[in-house]
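No experiment lies behind these values; they were computed from the predicted model shown. Each chain gets a letter, A, B and so on, in the order the sequences are listed, and its residues count up from 1.
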Amino acid sequence: MSLRVYNTLTREKEAFQTIEPGKVSMYLCGPTVYKPAHIGHMVGPVIFDTVKRYLTYSGYDVTFIINITDVDDKLINKAQEKGVTVKALADAMTADYMDNLQLMGVDTIDKFPYATDHIGDMLEMIQKLIDKGHAYPLNGDVYFAVTTDDDYGKLSHRSVDSMMAGTRVEANDQKRNPADFALWKSSKPGEPAWDSPWGPGRPGWHIECSAMSSKLLGDSIDIHGGGLDLMFPHHENELAQSECASGKCFVRYWMHNGLMQSGKNTGKVGGQHDRHGDSSAEDQIAGKLAGSAGAESVKTAVFAHHHPEAVRFFLLSTHYRSPIDFSSENIANTAKGLDGFYRLFENFERITGVSAYSLTVPTTREQSTSMEGLPAELARELGELRDRFLEAMDDDFNTGGAIGNLFEMRRVINGYVTQNKLEDAATPEQKAILTTAVTVLQELAQLIGVFRKPVQKSAGADDEFVAGLMGLILELRADVRREKNWAAADKIRDRLKELNVTVEDVKDGPARWSRS
RNA sequence: GGUGCCGUAGCCAAGCGGCCUAAGGCGACGGAUUGCAAAUCCGUUAUUUCCCCGGUUCGAAUCCGGGCGGCACCUCCA
């Protein structure tokens with residue numbers, strides 16, 4: 001089995017072959033940093049972070065870049081509106097973006113190039129396009145001439161003619177063709193400006209990606225990613241510029257992820273569900289779709305209600321090319337599914353004395369965890385599940401299909417624990433077997449970037465004072481239980497439940513408790 | 001108008017011509033376990049069925065045609 005990747009350019013899944021053996025260059029279009037990151041901004045990074053993890057596991061040396069577009073009309077307008085400098089606004093919004101990526105466990109990005117650090121590279125590329133006759137200056141602007149590129153439209157499968165049929169292209173008599181787009185825009189007084197052969201100005205929207213990609217990864221790269229919405233015009237234009245400038249194939253595999261949408265905006269859900277309770281997360285999307293820029297960051301709008309790991313797992317539970325229907329309800333369901341894993345890890349630690357998060361897991365497929373020493377049946381089941389997981393990932397990063405195997409592994413491991421009553425007592429051999437089994441699970445979990453560290457329990461769980469009180473209460477409860485005073489024992493448990501504290505009795509030893 | 005995508009159980013979701021008498025999760029219902037619970041394990045929950053109607057094929061949820069329904073982009077939004 002080998003990796004296959006869906007290529008937007010050909011509209012087919014293709015065998016994955018890199019330009020340079022063993023190496024992968026990957027560029028993902030990042031945000032224009034003019035407002036706080038919304039949940040939709042997290043989709044691409046999470047997906048491509050997962051792609052990188054899997055490619056690395058598969059033995060590739062991957063270079064992964066996400067650009068930060070820190071000069072743009074929207075940014076300029078927003079800064080003026082707020083009365084701050086463009087740079088101050090961009091810096092603040094970039095920091096917010098990075099914060100959120102960190103919370104989502106996206107940390108495989110090698111470099112975040114800033115558009116404003118590469119103005120020179122853009123000017124060079126623009127000049128080259130003019131020299132080759134693909135671009136022309138016009139009143140201080142520079143435009144790309146789409147009709148000089150025979151291939152123009154090959155990514156989004158549109159022809160220049162068909163685009164004329166739409167109503168969107170505003171008339172500009174000056175441009176040679178209405179579809180021509182700006183590579184360089186002259187600046188008005190008070191706007192950020194850089195000197196250029198055509199006068200002071202700033203780059204057009206698409207040129208920064210072309211210039212930075214070529215500068216940092218080379219004229220031809222393996223993977224270029226982004227949201228489906230960017231396919232046209234952004235990627236189409238990037239493609240045209242880059243190939244006309246370099247004369248080489250720009251991108252080997254174009255990967256586009258589906259967009260997130262709010263339940264409120266889908267007739268399907270809106271018609272059937274009675275949404276209730278907190279919905280600021282949905283509002284964040286709805287607001288976005290309605291065109292009003294949300295003021296709240298993901299951090300406050302979403303992560304206040306849902307653990308980032310649940311959000312990440314949710315994003316990966318469906319295929320990356322499908323649209324995903326965001327709702328608090330859906331994420332809450334995902335979170336419930338994850339709880340079972342956390343409990344398994346807690347159990348594991350109690351039995352073996354080792355944290356499931358500190359296990360050494362293989363980082364490449366070649367060094368995959370050995371099943372040696374496991375009972376035959378367990379080895380067979382785990383082996384099959386691992387194979388199926390990897391098979392799904394090999395099939396265009398089918399995380400949704402892969403994840404099912406994680407749940408089955410959980411079931412198999414829990415079965416081993418239950419059958420052998422490991423919670424009562426475990427031999428060193430049994431501990432070793434359990435450790436191997438959990439290592440296999442963790443090996444796969446790291447590929448989708450989850451279960452890397454313990455999820456932060458809600459406030460109070462690690463508060464010494466609360467822990468002390470709980471210890472006292474449970475001690476008293478243990479006393480009345482010994483006296484078989486069930487009424488009192490149940491009252492304590494029920495009342496705690498009302499306070500969102502769940503008590504679970506353990507056969508021998510102190511009861512467990514957790515806050516929700 | 002142009003370019004695409006989608007329609008699988010109560011909900012989410014995998015499935016890319018035979019291993020589908022269709023993964024997995026959430027929910028629900030039984031059973032084991034428990035003082036009772038919780039957690040865990042076992043079982044049941046689409047078995048003339050994969051929106052409908054035709055067709056191709058030895059064989060289709062999977063391919064083709066036609067409906068119906070939903071969605072996205074073509075508006076510098078990831």
Taken to the nearest whole Å, CG/A/Asp396 to P/B/A14 is 12 Å
Testing B/C76, B/G15, B/C73 for proximity to the side chain of A/Arg158, the answer is B/C73
Please report the distance separating the P of B/G35 from the corresponding atom of B/U49, rounded so that it comes out in whole Å. 47 Å
Ring geometry between A/Phe313 and A/Phe407 (parallel below 30°, tilted from 30 to 60°, perpendicular above 60°): perpendicular
Expressed in whole Å, how much space separates the P atoms belonging to B/C41 and B/A78? 43 Å
Exercise for review: State whether A/Ser156 places a side-chain N or O below 4.0 Å from either non-bridging phosphate oxygen (OP1 or OP2) of B/C73.
Suggested key: no
message: Between B/C11 and B/C16, how far apart are the two P atoms, rounded to whole Å?
response: 23 Å
Electrostatic pair A/Arg158:A/Glu236 at N-O distance under 4.0 angstrom: no
| Counting any heavy atom closer than 4.0 Å, what does A/Gly30 reach on the DNA or RNA strands: base, sugar-phosphate only, or nothing? | sugar-phosphate
With the side chain defined as heavy atoms from C-beta on, A/His38 is closest, among B/A78, B/G4, B/C76, to B/A78
Tell me whether A/Arg343 is salt-bridged to A/Glu346, with the criterion being a basic N under 4.0 Å from an acidic carboxylate O. no
A/Asp395 has its side chain closest, among B/G15, B/A78, B/C76, to B/G15
ask   = So, is A/His157 near the phosphate of B/G4, with a side-chain N or O under 4.0 Å from OP1 or OP2?
value = yes
Ranking A/Phe407 and A/Lys13 by the position along RNA chain B of their nearest nucleotide, the one closer to 5' is A/Lys13
Separation between the P atoms of B/G1 and B/U45, rounded to whole Å:
46 Å
message = I'd like to know whether the aromatic ring centres of A/Tyr253 and A/Tyr6 sit less than 6.0 Å apart in this structure.
response = no
### Task
With C1' as the reference atom in both, quote the distance from B/A46 to B/U33 in angstrom, rounded to an integer.
31 Å
How is A/Lys185 classified with respect to the nucleic acid when contacts are heavy atoms under 4.0 Å: base, sugar-phosphate, or nothing? base
Inset, instruction - Determine the contact category for A/Pro323: base if any of its heavy atoms lies under 4.0 Å from a base atom, sugar-phosphate if only primed atoms, P, OP1 or OP2 are that close, otherwise nothing. - result: nothing
Can a side-chain donor-acceptor contact be found between A/Asn67 and A/Thr69 if the only test is distance below 3.5 angstrom? yes
- Query: Does the distance from a Lys or Arg side-chain N to an Asp or Glu carboxylate O, for A/Asp494 and A/Lys497, drop under 4.0 Å?
  - Reply: no
A/Tyr320 atom OH is separated from B/C5 atom P, nearest whole Å, by 14 Å
Practice problem: For nucleotides B/G17 and B/G7, find the distance between their P atoms and express it as a whole number of Å. | Solution: 15 Å
Is A/Arg388 paired with A/Glu391 through a side-chain N to carboxylate O contact shorter than 4.0 Å? no
Answer for the Watson-Crick or wobble partner of B/G54, both distances under 3.5 Å, is B/C64
Exercise for review: Using a heavy-atom cut-off of under 4.0 Å over every strand shown, decide if A/Asn405 touches base, sugar-phosphate, or nothing.
Suggested key: nothing
- Evaluate the side chain to side chain donor-acceptor pair (under 3.5 Å) criterion for residues A/Glu309 and A/Tyr342: first the C-alpha distance (whole Å), next the side-chain angles of each, then the deciding distance (0.1 Å), finally the verdict. CA-CA 12 Å; A/Glu309 181 150 284; A/Tyr342 302 143; 2.7 Å; yes
Here the distance between atom P of B/G70 and atom CG of A/Asp325, to the nearest Å, is 16 Å
In 5'-to-3' order, the base (B), backbone-only (S) or no-contact (-) status of each nucleotide in nucleotides 29-43 of chain B, using a 4.0 angstrom heavy-atom cut-off, is ------BBBBSSSS-
### Query
Base, sugar-phosphate, or nothing for A/His319, non-hydrogen atoms under 4.0 angstrom?
sugar-phosphate
To the nearest angstrom, the CD-C1' distance between A/Glu381 and B/A23 comes to 15 Å
Exercise. Sticking with atom P, work out how far B/A39 lies from B/G54, rounded to a whole angstrom.
Key: 48 Å
Here the distance between atom C1' of B/G10 and atom CD of A/Glu329, to the nearest Å, is 11 Å
Rounded to whole Å, the CZ-P distance (A/Arg321 to B/A14) equals 11 Å
Atom CZ of A/Arg202 and atom P of B/C76 are separated, to the nearest Å, by 14 Å
Assign A/Leu259 to base, sugar-phosphate, or nothing according to its heavy-atom contacts below 4.0 angstrom with the strands shown.
base
If pairing means Watson-Crick or G-U wobble with both distances under 3.5 Å, then the partner of B/C36 is none
Checking B/A14, B/G24, B/G4 against the side chain of A/Arg11 (C-beta onward), the nearest is B/G4
pair_partner(B/G43), Watson-Crick or wobble, both distances < 3.5 Å, evaluates to B/C29
Whole-Å distance, A/Arg388 CZ to B/G15 C1', equals 13 Å
Comparing A/Asn333 with A/Asn398, nearest RNA chain B nucleotide closer to 5' gives the residue A/Asn398
Using Watson-Crick geometry (N1-N3 plus N6-O4 or O6-N4) or G-U wobble (N1-O2, O6-N3), each under 3.5 Å, B/U21 is paired with none
request  = Have a look at A/Lys336 and say if it touches a base, only the backbone sugar-phosphate, or nothing, with a 4.0 Å heavy-atom cut-off.
outcome  = sugar-phosphate
May I ask you to decide whether A/Asp149 forms a salt bridge with A/Lys154, counting only side-chain N to carboxylate O separations under 4.0 Å? no
Expressed as a whole number of Å, how far does the P atom of B/A32 sit from that of B/U21? 34 Å
| said: Between A/Ser297 and A/Asp96, is there a side-chain donor-acceptor contact under 3.5 Å, judged purely by atom types and distance? | reply: yes
Partner of B/C5 under the Watson-Crick or G-U wobble criteria, both distances under 3.5 Å, comes out as B/G70
